[in-house]
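See structure below.
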Amino acid sequence: MKRMLSGIKPTGQLTLGNYIGALRNFVKYQDDYEMVVFIANLHCITEYQDPEDLRKNLTDAVALYMACGLDPEKSVIFLQTDVHSHAELGYILACNTYLGELNRMTQFKDKTAKGEKNMTAGLYTYPCLMAADILLYNANYVPVGEDQKQHVELCRDIAQRFNNRYGETFVVPEPLIAKVGARIMSLSDPSKKMSKSEETNKGCIYLLDDLKSARKKIMSAVTDSVGIIQLDKENQPGLYNLIEIASALSGRSMEDIVDEFSGEGYGKLKAYVADVVCAELEKIQNRYREIIESHQIEKVLNEGALKASSIADRTLEEVKKKIGLEIKY
Ligand code: ATP
Ligand code: LTN
């Protein structure tokens, strides 16, 4: 069985973008692949997090993984810091990555261009840690949203370089990006991706938003003055985004939704999108509450860490031997 691996940063609450672009795909794949999913807590401290908030977000993230349908019987679910090999291989891979490669990463470049102050060394070397996350498990596929494609491509380059230098060691992974929903845009500014680190939260729907405020965010989503319901991503990005959200969640094609609402006002379409989103959120939130109340999270994470370590530690051992870091061979 081919292996698939992915992670989500528990920086703040998980969003509808995370769900559509990543999480729900993990759930779909867990029957046909050996699925390894983790909470990327090391990645989220590349920017300061309030410790209390971080702790709460970690628990919520695990509960939400499960509430969205990830089954610990089928998938390995764990916390990144519970498997020490991630940090160690991350350092080793940073020693096999060039500054020029890291300078080209869009996420880093965008932050630099915006003149962000206080950027950390951790943020800069983040793609090396991400490569370690993937390569430790010899994952064949990495399901991610569009914004992470470049990081997975860098991971492939690092893996190939390592294999060339030290002999065949890592499986070279492929990014897996869904056709619909790979980049859900902000409801208040459809030129930006829906992001949990957005300054105002008007454009972002969180999976734990109360249904009333989720509906309100959709009903006041920024659209355009064209006034025609059609698929024109360039000129009507806000409308396109709403239709894409509804299509991803309902399984209907975007064209089918346009057909149903063509000739209507935007309000009617928005109300439909709100219905679809709220129905999905309600299901997730009900399961989330049950999971929190059942106190099973610690057990799931302990078992997940054991399974994950047994794979990751073996890979790291092999890497250290190949590099010449070990006295015994
Ligand atoms: P931030 O919002 O702070 O930039 P993030 O949500 O992108 O963070 P993660 O939580 O690590 O960072 O993302 C987890 C997964 O969700 C990744 O695979 C990412 O590509 C995907 N994802 C995040 N936002 C969106 C979005 N708006 N549309 C589709 N996929 C997304
Ligand atoms: N970088 C990703 C989160 C992440 C990840 C990974 C995704 C960390 N390690 C390994 C896939 C595989 C993000 O910011 N969205």
Side-chain angles (χ1 to χ4, degrees), residues 3-26 29 35-47 49 57-58 60-61 64-65 68 78-81 83 86-87 89-90 93 105-108 110-111 114 116 122-123 125-137 139-156 158-159 173-199 201 203-207 237 241 244-245 248-249 308 312:
R3 188 174 289 154
M4 211 174 252
L5 172 136
S6 201
I8 296 188
K9 284 183 296 183
T11 327
Q13 292 282 329
L14 300 195
T15 69
L16 189 65
N18 295 142
Y19 179 64
I20 295 179
L23 246 177
R24 79 187 172 113
N25 301 319
F26 307 169
Y29 293 132
M35 194 74 206
V36 180
V37 280
F38 68 100
I39 311 283
N41 53 352
L42 281 175
H43 286 269
C44 81
I45 58 161
T46 52
E47 289 171 36
Q49 306 292 320
N57 289 335
L58 290 180
D60 277 353
L64 280 170
Y65 269 20
C68 290
F78 69 99
L79 204 58
Q80 191 179 25
T81 40
V83 181
H86 286 246
L89 185 65
L93 296 184
M105 293 296 107
T106 315
Q107 221 171 42
F108 175 75
D110 285 354
K111 290 209 164 146
K114 271 202 250 154
E116 261 200 41
L123 182 73
T125 56
Y126 170 114
C128 305
L129 180 60
M130 175 157 165
D133 300 336
I134 299 168
L135 299 181
L136 277 174
Y137 299 89
N140 305 92
Y141 300 106
V142 185
V144 280
E146 184 64 45
D147 62 318
Q148 294 302 317
K149 187 166 173 227
Q150 196 189 26
H151 290 153
V152 182
E153 276 161 3
L154 175 62
C155 170
R156 289 171 58 85
I158 297 173
E174 280 177 44
L176 211 68
I177 294 167
K179 287 204 180 70
V180 176
R183 191 172 173 81
I184 298 300
M185 308 311 278
S186 160
L187 299 176
S188 55
D189 179 356
S191 68
K192 296 200 184 117
K193 84 162 189 161
M194 182 180 283
S195 164
K196 46 171 114 88
S197 22
E198 202 177 286
E199 289 99 57
N201 63 16
C204 180
I205 294 195
Y206 297 94
L207 295 181
N241 188 43
E244 187 163 5
I245 291 173
L249 296 180

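We count ligands from 1, going down the list as the structure has it; atoms in each ligand are counted the same way.
Atoms of ligand 1 found under 4.0 Å from any heavy atom of A182, numbered from 1 in the order shown, are 28 (N), 29 (C), 30 (N). When each atom of ligand 1 is checked for a heavy atom of R183 under 4.0 Å away, the hits are 28 (N), 29 (C). Of all atoms in ligand 1, numbered sequentially from 1 with element shown, those under 4.0 Å from a heavy atom of G181 are 29 (C). Close contacts of ligand 1 with A22, meaning ligand atoms under 4.0 Å from a residue heavy atom, involve 15 (C), 16 (O), 18 (O). Taking every heavy atom of M194 and a limit of under 4.0 angstrom, the matching atoms of ligand 1 come to 24 (N), 26 (C), 27 (N). Shown in contact with V144 at under 4.0 Å from a heavy atom are these atoms of ligand 1, numbered in order with element: 18 (O).
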Dump the pairs for me: ligand 2 N or O, protein N or O, distance under 3.5 Å, to 0.1 Å.
from	atom 1	to	atom 2	distance (Å)
ligand 2	1 (N)	Y126	OH	2.3
ligand 2	1 (N)	Q148	OE1	3.0
ligand 2	9 (N)	D133	OD2	2.7
ligand 2	14 (O)	Y126	OH	2.3
ligand 2	14 (O)	Q148	NE2	3.2
ligand 2	15 (N)	Q148	NE2	3.1

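The protein atom (non-hydrogen) at minimum distance from atom 31 (C) of ligand 1 is G17 O, 3.4 Å. Protein heavy atom in closest approach to atom 18 (O) of ligand 1: G145 N, 3.1 Å. The closest protein non-hydrogen atom to atom 9 (P) of ligand 1 is K196 NZ, 3.5 Å. Among protein heavy atoms, the minimum distance from atom 3 (O) of ligand 1 is reached at S197 OG, 2.4 Å. Atom 28 (N) of ligand 1 has I184 N, 2.8 Å as its closest protein atom, hydrogens excluded (heavy atom only). With respect to atom 20 (O) of ligand 1, the closest heavy atom belonging to the protein is D147 OD1, 2.5 Å. For atom 6 (O) of ligand 1, the nearest protein heavy atom (residue, atom name, distance) is N18 ND2, 2.8 Å.
Of the residues listed (F26, Y137, Y29), the one engaging M4 in a side-chain contact (heavy atoms from CB on, under 4.5 Å) is Y29, and it is the only one. Partner I245 forms a side-chain contact (heavy atoms from CB on, under 4.5 Å) with one of L187, V180, I205 and no other, that one being L187. The side-chain contact (heavy atoms from CB on, under 4.5 Å) test with S6 is passed by exactly one of V152, V144, L176: V144.
Of all the heavy atoms of K9, the ones lying under 4.0 Å from any atom of ligand 1 are found in both the backbone and the side chain. At a heavy-atom cutoff of 4.0 Å, ligand 1 is contacted by both the backbone and the side chain of S195.
Across V152, L23, I8, heavy-atom proximity to atom 14 (C) of ligand 1 is greatest for I8.
Here F78 and H86 bring their ring centres to under 6.0 angstrom of each other.
In this view, N18 and T15 satisfy the side chain to side chain donor-acceptor pair (under 3.5 Å) rule, not counting sequence neighbours.
Other residues, nucleotides and ligands place no more than 12 heavy atoms under 6.0 Å from the NZ atom of K149.
To the nearest 0.5 angstrom, H43 atom NE2 is 5.5 Å from Y126 atom OH.
Counted by atom type alone, N140 and E174 present zero donor-acceptor pairs between their side chains at under 3.5 Å.
Checking side-chain atoms of N241 against main-chain N and O of I184 turns up no donor-acceptor pair under 3.5 Å. Using a distance-only test at 3.5 Å, with no hydrogens or angles considered, a donor-acceptor pair links the side chain of R24 to the main chain of A248.
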Salt bridge (charged side-chain N to carboxylate O under 4.0 Å, His left out) assessment of E47 paired with K9: CA-CA 11 Å; E47 289 171 36; K9 284 183 296 183; over 6 Å; no
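Minimum heavy-atom separation, P127 to L123: CD-O, 4.2 Å. Annotation for P190 and M185: closest pair O-CE, 3.4 Å, computed over non-hydrogen atoms.
Salt-bridge annotation for R183 and D147: absent, with no side-chain N of the basic residue lying under 4.0 Å from a carboxylate O of the acidic one.
The shortest N or O to N or O distance between K193 and ligand 1 is below 3.5 Å.
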